[in-house]
There are 2 protein chains.
Amino acid sequence: MHPNRPALIVSVDVVLLTLRQGKLQAALHRRARPPFQGCLALPGGYVHPQEDATAEDTARRVLREKTGVEPRYLEQLGTFAGAARDPRGWSAAISHVALMPHEELRQAGGEVFHFYDVDQLPELAFDHAEQIRAAAERVRNKASYSTLPCWLLPEQFTLTQLQRTYEQIFGETVSRGTFRSRLGIKVGDMSPGEAADQADILIATDQFQGGSQRPARLFRVNRLSLFKRASW
Amino acid sequence: MHPNRPALIVSVDVVLLTLRQGKLQAALHRRARPPFQGCLALPGGYVHPQEDATAEDTARRVLREKTGVEPRYLEQLGTFAGAARDPRGWSAAISHVALMPHEELRQAGGEVFHFYDVDQLPELAFDHAEQIRAAAERVRNKASYSTLPCWLLPEQFTLTQLQRTYEQIFGETVSRGTFRSRLGIKVGDMSPGEAADQADILIATDQFQGGSQRPARLFRVNRLSLFKRASW
DNA sequence: CCTTCTTAGTTGCAAAATTCAACTAAGCAC
DNA sequence: GTGCTTAGTTGAATTTTGCAACTAAGAAGG
């Protein structure tokens, strides 16, 4: 082994975001052990080299062990590393962002978590507040030009539900016409039962969600699609 | 210490990009030691916990030790981690992107490097080809809506030089009018000697670069500014 | 000093994209 | 049927964009 290779603390953290009470909120738990014992913190853990082929696998395992669920969306956020962030010494945390509908999370053992507004965070362990701020910034940024917010909803959703999701992420309302044209959606053009075109941002299903008014067509997301950057 | 904490290999890599021969190229060197001895690889190294306060410090030190220079731009790209990327075992490489004008790099001991087109890479050690592809994608993406390409030029540059830089990054030409209006530049409006407005994307100097035709005003970049996403 | 050449910088207009208010559609309650 | 609510569309005013044609400034050469 290389003589200069130092002993470093390496862990994987997950910023699990969900829409709750009309706001973008992060899932936090209380640390059972020092350092920062009893402090609110992100879910995280050490890599199990035998078990985890990648850091993303570690992130998935940590969430599975805590809640029993798979996140609908998961990506690496970045690595928060340095001498100052952990009292035990130089450390690196490979941070991830995960998105889930809050309903799905609650059904799956999400009671272990406390939820806090990403814009009104309490005192947190390590640099976890900074990680959450970076995650919220990433999500808001990508939301302005992609279908990322779809992963905060159940698999099928109406266009109005999706619009509310975008509005809650940004904290401001959007005109209905603008929203729909930005997505390039013309419901009439879509042939529901048929195979989705690769170019389709959303896929029309043949299902409708009927309330006590005109029923709205249900959609599901095709893939993570990009459109023109906007301020909404 | 935590009982589950495994022994992992952690290193810092730098994708140092520069414009050379009209193309976006990456700086590579030949590995002196196994694994991948003699293979082309990115500059990189281990963290020195006593010396480096952050992973970015490690990246700067690695470049300084190789070439004696500070990169004009440096940001974290992401962490490439897993069981498969290093034959010695589970490893994590905190990867960075650095930008420099090729001239400055050459003057500063850049002879240690071989330069290769990011779109025509030779066989590389580890997952370094993947890191370079990710870095090029990041740079091209940010170039489409920010002043990132300014860091590939000397501190002062003409608008035409900057336009050529954008064109070389994307490999396609741009109309002069479109380029200037996208940057929001009206040279006449700028008061050179005075303090730059915070809103200014570029700062006009009172210097001109005269060839054998009308001299062009020299600019320097104010800060990393964003503008509307475009396809150029 | 006048013409020509080259590159810098500007202008204005045609074309394209965006926005939003007003419209139609579809269901339920009564 | 009427009235209410939400879904979905349309089209015209406005804004933005792209580009060709214009002016500006210096050098070279007669």
Side-chain angles (χ1 to χ4, degrees), chain A residues 143-146 150 153 156-168 170 172-192 199-220 225-232, chain B residues 143-146 150 153 156-168 170 172-192 200-220 226-232:
Chain A
S144 72
Y145 66 95
S146 80
C150 292
L153 286 173
Q156 298 199 349
F157 48 82
T158 68
L159 292 181
T160 301
Q161 286 170 350
L162 184 58
Q163 184 179 338
R164 297 283 167 270
T165 302
Y166 276 90
E167 289 173 343
Q168 290 172 359
F170 294 116
E172 54 188 280
T173 58
V174 187
S175 136
R176 201 154 35 109
T178 303
F179 179 76
R180 293 165 111 97
S181 69
R182 175 87 27 92
L183 286 177
I185 298 293
K186 280 279 177 60
V187 175
D189 292 356
M190 318 199 85
S191 25
D200 290 340
I201 285 182
L202 298 182
I203 299 169
T205 70
D206 49 6
Q207 314 268 101
F208 286 81
Q209 186 174 87
S212 53
Q213 62 281 102
R214 176 172 175 173
R217 188 183 284 278
L218 288 167
F219 289 82
R220 57 199 171 82
S225 311
L226 307 183
F227 34 86
K228 268 215 164 174
R229 186 170 285 262
S231 46
W232 292 104
Chain B
S144 70
Y145 64 96
S146 81
C150 292
L153 286 172
Q156 299 199 350
F157 47 83
T158 68
L159 293 182
T160 301
Q161 285 169 350
L162 184 57
Q163 181 178 340
R164 296 283 167 272
T165 302
Y166 276 90
E167 289 173 343
Q168 289 172 359
F170 294 116
E172 54 189 279
T173 58
V174 186
S175 136
R176 201 154 33 112
T178 302
F179 178 76
R180 292 166 112 96
S181 70
R182 175 88 24 92
L183 285 178
I185 298 292
K186 279 279 177 58
V187 175
D189 293 355
M190 319 199 85
S191 24
D200 289 342
I201 284 182
L202 297 182
I203 299 169
T205 69
D206 50 5
Q207 315 267 101
F208 286 80
Q209 185 173 89
S212 53
Q213 61 282 102
R214 176 174 176 172
R217 188 183 284 279
L218 288 167
F219 289 83
R220 56 198 171 84
L226 306 183
F227 36 84
K228 269 214 163 173
R229 185 171 283 265
S231 44
W232 292 103

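Letters go in sequence order (proteins before strands), and every chain restarts at 1. Just so it is clear, the values below take in all heavy atoms, side chains as well, and ignore hydrogens, waters and symmetry mates. These numbers were taken from a predicted model, which means no experiment stands behind them.
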[atom1] of [X] versus [atom2] of [N]: gap in Å, rounded?
{"X": "A:Leu183", "N": "D:dA7", "atom1": "CG", "atom2": "P", "value": "15 Å"}
{"X": "B:Phe227", "N": "D:dT17", "atom1": "CZ", "atom2": "P", "value": "12 Å"}
{"X": "B:Phe208", "N": "D:dA25", "atom1": "CZ", "atom2": "C1'", "value": "10 Å"}
{"X": "B:Gln209", "N": "D:dA27", "atom1": "CD", "atom2": "C1'", "value": "16 Å"}
{"X": "A:Arg217", "N": "C:dA25", "atom1": "CZ", "atom2": "P", "value": "17 Å"}
{"X": "B:Phe179", "N": "D:dT17", "atom1": "CZ", "atom2": "P", "value": "15 Å"}
{"X": "A:Phe157", "N": "D:dT6", "atom1": "CZ", "atom2": "P", "value": "21 Å"}

Between [X] and [N], is there a contact of a side-chain N or O with OP1 or OP2 at under 4.0 Å?
{"X": "A:Thr178", "N": "C:dC20", "answer": "yes"}
{"X": "A:Thr160", "N": "D:dA7", "answer": "yes"}
{"X": "A:Ser181", "N": "C:dT18", "answer": "no"}

Check: A:Glu167 side chain, A:Val174 main-chain N or O, donor-acceptor pair, under 3.5 Å: yes
Mutual orientation of the aromatic rings belonging to A:Tyr166 and A:Phe179 [parallel < 30°, tilted 30-60°, perpendicular > 60°]: perpendicular
Position toward the 5' end of DNA chain D (nearest nucleotide), A:Ala216 or A:Gly177: A:Ala216
Selected nucleotide, minimal atom distance to [X] side chain, candidates [options]:
{"X": "B:Pro215", "options": "D:dA25, C:dG9, C:dA22", "answer": "D:dA25"}
{"X": "A:Arg182", "options": "C:dG9, D:dG8, C:dT19", "answer": "C:dT19"}
{"X": "A:Arg180", "options": "C:dA8, D:dT5, D:dT9", "answer": "D:dT9"}

Sugar-phosphate only, base, or nothing, as touched by A:Thr158 at under 4.0 Å among non-hydrogen atoms: nothing
Nearest-nucleotide 5' precedence on DNA chain C, B:Arg214 against A:Arg176: B:Arg214
